[in-house]
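So that the names make sense, note that chain A is the first sequence line, chain B the second, and so on, each numbered from 1. Worth knowing before you read on, the calculation uses all heavy atoms, side chains too, and leaves out hydrogens, waters and symmetry mates.
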Amino acid sequence: MSSILDIRDLKKVYEGGFEALKGVTLSIEEGEILALLGPNGAGKTTLISTICGITTASSGSVLVGGHDIETEFRAARSLIGLVPQEINLEPFETVLNTVRFSRGLFGKKRDDALIEKILRQLSLWDKRKSRTMELSGGMKRRVLIAKALAHEPRVLFLDEPTAGVDVELRKDMWETVADLKADGVTIILTTHYIEEAEAIADRVGVINGGQLLLVEDKESLMQRLGQKQLRIELQEPVKSLPDALMNGTDLSLSDDGLSVTYTYDTQAERTGIAALMADMSSAGLILRDLQTQQSSLEDIFVGLVQEGQS
Amino acid sequence: MNWAAVKAIYVYEMARFFRTLAQSFISPVISTSLYFVVFGAAIGSRIQEVEGVSYGAFIVPGLIMLTVITQGISNASFGIYFPKFIGTIYELLSAPVSFLEIVIGYVGAAATKSLFIGIVILITAGFFVDLSIAHPIAMLSFLVLTCISFALMGFIIGIWAKSFEQLQLVPLLIVTPLVFLGGSFYSISMLPPFWQTVTLFNPVVYLISGFRWAFFGLADVPIFYSLFAIAGFMGLCLFAIAWIFRTGWRIRS
């Protein structure tokens with residue numbers, strides 16, 4: 001796969017001195033879905049706005065499909081579709097007209113068949129003659145997606161596509177994203193719903209304080225940083241754990257004294273489970289049940305952001 | 001040039017105009033008729049003729065100018081302010097269009113609208129007074145140039161404005177008084193000498209005078225001054241727009 005988006009040391013300092021991006025470098029492969037995770041104010045929207053031409057970069061470079069966003073802005077922007085975070089639509093215009101307008105703005109010839117396909121795909125065809133002000137919030141968001149897709153972009157930016165959207169619609173949106181990926185569209189979405197990144201992304205980037213803390217394949221990220229917890233339930237409650245068990249291992253006893261939690265790294269050479277079992281047995285503890293639990297992307301994310309702040 | 005984008009902006013803007021065609025069409029017709037009733041009938045019955053032209057006919061060029069100037073400004077300023085206000089400007093900024101194309105699209109549509117209204121007024125006026133146009137090509141050229149120039153000015157105001165109040169500020173406080181005091185309804189030769197001199201500092205005088213010359217062959221100031229004034233004003237607006245777009249002032253952060 002070749003990289004379709006190449007961001008090098010991108011910085012953005014707003015008037016007044018606020019440094020929204022502190023040198024972001026990122027390369028995105030064609031056809032992948034990258035989820036950018038970050039808390040509010042992390043720089044997600046600034047990053048997208050700068051790539052798309054809404055704000056200008058203070059320094060650094062961005063290539064889209066090999067075209068520089070400043071010197072070859074026409075070629076670069078032609079490849080990009082943007083779905084903004086805010087629902088920005090002209091209220092009095094009909095769905096069909098506003099989508100057609102978007103296509104025209106990108107210099108493309110009118111193509112009613114394509115617009116119909118997009119509107120049908122997004123379940124908007126029946127609403128094509130409605131004015132956008134008459135639509136529900138979820139429908140409006142779909143109109144924004146239709147507008148972004150109207151010029152057949154190869155890279156689609158979705159800035160918090162499911163913010164304030166109900167669960168059902170969110171699942172619909174994920175399906176739409178999966179369909180787009182199947183069509184070969186590269187998708188970069190920002191979100192602060194970890195669940196969303198976990199569900200649809202191929203790679204996950206974590207951004208905070210204008211810095212990209214990490215970008216990694218979702219699966220390997222979860223594996224690499226993932227910790228597992230082993231919960232051991234005891235037959236009889238104990239007041240405290242024998243000293244022999246406590247040397248160097250990450251163990252904790254529940255308040256009722258009936259369960260012991262052991263946290264370990266799945267990628268470590270030795271997980272230490274076998275040794276722990278043997279030690280517990282020789283300490284006279286009788287086990288009733290065992291349970292393991294994988295940490296979620298959310299735990300990883302919170303860990304990273306806190307680490308960055310400390 | 002991305003002409004398809006220019007066309008898209010132009011068509012989209014014109015669609016707004018046609019959506020509200022009744023308002024766009026009826027309101028200038030009614031206000032022109034009112035001007036004719038009030039100025040033409042009431043005052044005209046006392047003035048009769050100005051420099052050999054009946055008063056009713058004399059005020060037609062000024063009336064058209066008054067309307068195309070105010071309409072040109074309000075259409076263009078609203079046209080670009082509205083996307084800023086509701087946030088749809090993101091689409092323009094992220095599209096492969098240059099600022100020049102944005103200006104041609106928006107200003108072209110706003111100028112077309114005011115030209116359309118100007119012609120409607122001209123036709124309406126034809127029902128009230130006998131009109132003859134001495135220099136039709138010059139008349140049309142003046143009309144088109146004025147429509148474009150003031151649409152450019154409106155565009156600048158729309159970019160500058162941060163609120164609807166500011167959007168109204170320049171037209172209400174500066175442009176309307178200048179147009180009213182620019183000889184729309186009188187010849188400046190009717191003023192006392194002192195005020196004649198003061199009036200010459202009003203740029204709109206030159207526009208109305210030139211336009212009136214195209215109708216009746218008579219002017220308050222030499223026709224070349226008028227041409228110079230409209231060309232200079234347009235150049236000024238273009239210069240301001242070029243600067244705005246080079247710096248991204250109030251558009252791109």
Side-chain angles (χ1 to χ4, degrees), chain A residues 12-16 18 20 45-46 48-58 64 67 69 72-94 97-98 100-110 131-133 144 147-148 150-151 153 157 159, chain B residues 1-24 75 78-106 108-109 158-159 162 164 244-253:
Chain A
K12 174 66 188 175
V13 184
Y14 282 107
E15 259 176 65
F18 176 67
T45 300
T46 303
I48 288 188
S49 300
T50 310
I51 298 168
C52 295
I54 295 164
T55 52
T56 43
S58 303
V64 186
H67 305 288
I69 56 160
E72 301 167 90
F73 76 93
R74 284 185 202 273
R77 288 187 203 163
S78 299
L79 300 175
I80 298 178
L82 167 66
V83 181
Q85 189 174 338
E86 305 284 332
I87 295 180
N88 300 322
L89 284 169
E90 177 153 351
F92 308 107
E93 198 51 85
T94 63
N97 276 349
T98 190
R100 268 188 196 147
F101 171 67
S102 300
R103 184 172 169 84
L105 208 52
F106 277 73
K108 295 275 174 95
K109 281 213 177 96
R110 188 168 154 171
R131 293 194 290 180
T132 60
M133 63 193 279
L144 288 176
K147 279 167 78 70
H151 66 279
F157 286 93
D159 196 358
Chain B
M1 282 290 278
N2 183 351
W3 285 110
V6 173
K7 186 182 159 203
I9 295 172
Y10 184 86
V11 169
Y12 197 71
E13 280 299 297
M14 289 309 288
R16 196 211 310 278
F17 179 63
F18 287 117
R19 245 193 334 252
T20 53
L21 193 63
Q23 286 152 266
S24 322
N75 281 327
F78 186 79
I80 191 67
Y81 178 73
F82 196 53
K84 270 175 47 180
F85 179 70
I86 60 172
T88 53
I89 188 107
Y90 85 88
E91 208 178 6
L92 284 176
L93 296 177
S94 61
V97 290
S98 68
F99 286 129
L100 180 66
E101 288 147 6
I102 295 177
V103 172
I104 297 176
Y106 277 101
I159 296 271
K162 284 182 174 171
F164 277 103
I244 286 172
F245 286 158
R246 214 178 41 248
T247 56
W249 182 68
R250 293 207 174 165
I251 311 176
R252 190 168 265 149
S253 53

Q.
I'd like to know if the side chain of A:Arg77 reaches the main chain of B:Ala95, judged simply by a donor and an acceptor atom lying under 3.5 Å from each other, with no hydrogens or angles considered.
A. yes
Q.
Quick check on A:Lys109 against chain B: is it the side chain, the backbone, both or neither that has a heavy atom closer than 4.5 Å?
A. neither
Q) Are there more than 12 heavy atoms of other residues, nucleotides or ligands under 6.0 Å from atom NZ of B:Lys7? A) no
**Q.** Side-chain touch A:Thr98/B:Tyr12, heavy atoms, less than 4.5 angstrom
**A.** yes
Q | Heavy-atom contact with chain B under 4.5 Å, split by part of A:Ser49 | A | neither
Q. What distance do A:Leu105 atom CG and B:Ser94 atom OG have between them, rounded to the nearest 0.5 Å?
A. 8.0 Å
Please table the atom pairs, donor to acceptor, closer than 3.5 Å between any side-chain atom in residues 86-93 of chain A and protein atoms at least two apart or in another chain.
unit_1: A:Asn88; atom_1: ND2; unit_2: B:Gly87; atom_2: O; d: 3.4
unit_1: A:Glu90; atom_1: OE2; unit_2: B:Arg16; atom_2: NH1; d: 2.9
unit_1: A:Glu93; atom_1: OE1; unit_2: B:Arg19; atom_2: NH1; d: 3.0
unit_1: A:Glu93; atom_1: OE2; unit_2: A:Asn97; atom_2: ND2; d: 3.1
unit_1: A:Glu93; atom_1: OE2; unit_2: B:Arg19; atom_2: NH1; d: 3.4

Q: Flag the one option from B:Gly105, B:Ser98, B:Pro83 with the top tally of heavy-atom pairs under 4.5 Å to chain A.
A: B:Ser98
Q.
So, taking the atom named CG in B:Leu93 and the one named OG1 in A:Thr56, what distance separates them when rounded to the nearest 0.5 Å?
A. 10.5 Å
Q | Partner residues of B:Tyr90 under the ring-ring contact (aromatic ring centres under 6.0 Å, His included) criterion, sequence neighbours left out | A | none
Q: Please state whether the side chain, the backbone, both or neither of A:Phe101 comes within less than 4.5 Å of a heavy atom of chain B.
A: both
Q | Heavy-atom contact with chain B under 4.5 Å, split by part of A:Thr50 | A | neither
Q | Interface moiety of B:Leu92 toward chain A, non-hydrogen atoms closer than 4.5 Å | A | both
